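Letters A, B, ... mirror the listed sequences (proteins, then strands); counts begin at 1. Everything quoted here is computed from the prediction, not taken from an experiment.
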Amino acid sequence: MNQPDESLTSFERELTRAMRRVDPPEGFADRVMGRPDAPSVAARSKVMAKVIPMPRRMQAWAGGAVAATLLASMYFGEQTHLRHQRERAQLAQRQFDTAMRITDQTLEHVRLQLQQAGVEVGN
Amino acid sequence: MAIADDEFRGLIEAHQRMVFSVALRLLGDYATAEEVAQDVFLELHRSGERLASEAHVRYWLRRVATHRSIDAIRRRALRPESAAEEWIEEQHAGDDGPGIDTGLQARLEMLLQTLPESMRVPVVLRYQEELLPDEIARLLGQSVASVKSHLHHGLKLLRRKAAITMKEYVRESA
C-alpha cells in the first residue's frame, strides 16, 4: 500500500476509512488447505492411487468391461422375460386343451345317457 | 519449484485479509467472496514456480483476486446490492474507532455496491488498496486515462448518491 495521500478530499478520506480491509471468516486458511484440489489433499489422493494401482490401459479396458457387462445384463434380462412369457402362454394353452377335453367327455357322456333313454339328439 | 505446504499456509495467512477484502468489496457477498479467495490461493499454488518475490506474490494475488471477482460478477450476474447490508452491519458492529462515524461508513459501503462494475473496481483498488491510477491501469490492463475517467465518474456518482442518501440518513438519525 502507498502512503496516505494528503491531496485527498474529506469525502475521499472518509471513503478510505470506510474501505479498510476486513478479516476473512474464521478458519479460512484451514478451509483452503482442506479443499479437494488443495496441494496436500491432492497429494494424499495420489498416494491412495498408488496403494491401489491400476495401469492406464487397464483403466480403459475396465470402462469397456463395465459397459459390456451392462449391455449383456440388459440382453439376458430381456431374454429371460421373453422365456417367462412363452412358458406362461404354453401353460395357458395346456389348461385350455384340458378344459376342452373335459367338456367334450362330459357332453359325450350326456349324449350316451340320452340315447339310452330313447331320446334322439340331432347333430 | 512447487510451494511446500507450510510455506503455502504462511502465504495464505499473510495475504488472506487483502485477497478476501478485494473479493468482498467487489462482490458484496461473503460466501462468494470466500469461494473466490480460496480459488485465488489455490491458483497461486499452481503458479508457485513463477513467483519470485514477496512483492510479486502480493501484486499477483491482488491482480488475480480482482480479475476472478470480476469473472464471478459477470458469470453469476450477481447483484451485490442485495447482500451488502448484511455483512456491512456485521463488519461495523462494535467498530468504534476514534472520531469515525461507523454509520456513515456503512452507508458509503452500501453506496459503493450500487456503482457499476467498471467504476467500482478502480474505486476499490484506489481507496481500499490505495493504489495509484497508473498501478490500477497496469493491474487491469487498461489505459491510465480510462482508469482516471472511471475513478472520476465513480467518485462523482458516489458523492452525489451520498449527498442524497446521507440527508435521508441524517433525517432518520434525528
Side-chain angles (χ1 to χ4, degrees), chain A residues 1-70, chain B residues 2-5 8-13 16-25 30-31 33-34 37-42 44-46 48 58 87-88 90-92 95 97 99-102 104-112 123-124 126-132 135 155 158-159 162-163:
Chain A
M1 277 192 284
N2 298 297
Q3 292 300 311
D5 191 341
E6 295 302 322
S7 65
L8 292 180
T9 63
S10 62
F11 181 74
E12 287 176 301
R13 277 195 293 275
E14 202 63 58
L15 192 58
T16 304
R17 277 200 290 271
M19 293 179 62
R20 282 169 301 171
R21 289 175 180 170
V22 292
D23 286 319
E26 195 74 24
F28 174 81
D30 291 334
R31 286 192 291 282
V32 177
M33 298 297 287
R35 279 212 355 194
D37 45 349
S40 53
V41 178
R44 281 200 294 277
S45 301
K46 282 180 186 169
V47 169
M48 285 307 291
K50 284 178 184 168
V51 172
I52 312 168
M54 187 183 277
R56 192 164 294 186
R57 277 182 67 185
M58 202 169 165
Q59 288 175 4
W61 279 104
V66 168
T69 306
L70 280 172
Chain B
I3 307 173
D5 275 7
F8 183 47
R9 181 179 281 276
L11 286 171
I12 295 171
E13 285 168 358
Q16 59 183 1
R17 199 171 151 85
M18 180 269 285
V19 171
F20 179 73
S21 298
V22 167
L24 183 60
R25 291 249 157 68
Y30 251 98
E34 170 156 1
Q38 286 186 13
D39 288 344
V40 170
F41 280 108
L42 291 175
L44 167 73
H45 187 275
R46 289 193 288 273
R58 194 170 47 251
W87 73 264
I88 287 165
E90 189 177 324
Q91 182 201 341
H92 288 284
D95 186 359
I100 295 172
D101 183 346
T102 54
L104 177 69
Q105 289 177 22
R107 280 292 170 128
L108 282 175
E109 292 222 41
M110 284 173 63
L111 292 177
L112 174 76
V123 167
V124 168
R126 178 73 186 100
Y127 298 103
Q128 178 188 286
E129 293 303 303
E130 297 182 24
L131 297 183
L132 297 170
E135 293 172 316
L155 203 60
L158 206 53
R159 198 195 303 265

- Verdict with supporting geometry, A:D23 and B:F20, side chain to side chain contact (heavy atoms under 4.5 Å, CB included): CA-CA 7 Å; A:D23 286 319; B:F20 179 73; over 6 Å; no

- Message: Apply side chain to side chain contact (heavy atoms under 4.5 Å, CB included) to residues B:E129 and A:R21 and explain how you reach the verdict.
- Response: CA-CA 8 Å; B:E129 293 303 303; A:R21 289 175 180 170; 2.6 Å; yes

- Task: Walk me through it: do B:R9 and A:D30 pass the test side chain to side chain contact (heavy atoms under 4.5 Å, CB included)?
- Result: CA-CA 8 Å; B:R9 181 179 281 276; A:D30 291 334; 2.9 Å; yes

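We find the CZ-OG distance between A:R20 and B:S21 to be 11.0 Å, quoted to the nearest 0.5 Å. A distance of 11.0 Å separates CZ in A:F28 from CD in B:E13, rounded to the nearest 0.5 Å.
Note on B:D39, B:L112, B:L111: by heavy-atom pairs under 4.5 Å with chain A, the leading option is B:D39.
Here the closest non-hydrogen pair linking B:E34 and A:P25 is OE1-CG, 3.4 Å. Considering every non-hydrogen atom in both A:V22 and B:R25, the closest pair reads CG1-NH2, 4.0 Å.
Of the atoms belonging to B:V124, heavy atoms from both backbone and side chain fall under 4.5 Å from chain A. If you measure heavy-atom distances from B:V22 to chain A, you find no contacts under 4.5 Å at all. The parts of B:A37 that come within reach of chain A are both its backbone and its side chain, each placing non-hydrogen atoms under 4.5 angstrom from that chain.
Between A:V32 and B:Q16, the closest side-chain pair of non-hydrogen atoms is not below 4.5 Å. In this structure, the side chains of A:T9 and B:L155 stay at 4.5 Å or more apart for every pair of heavy atoms.
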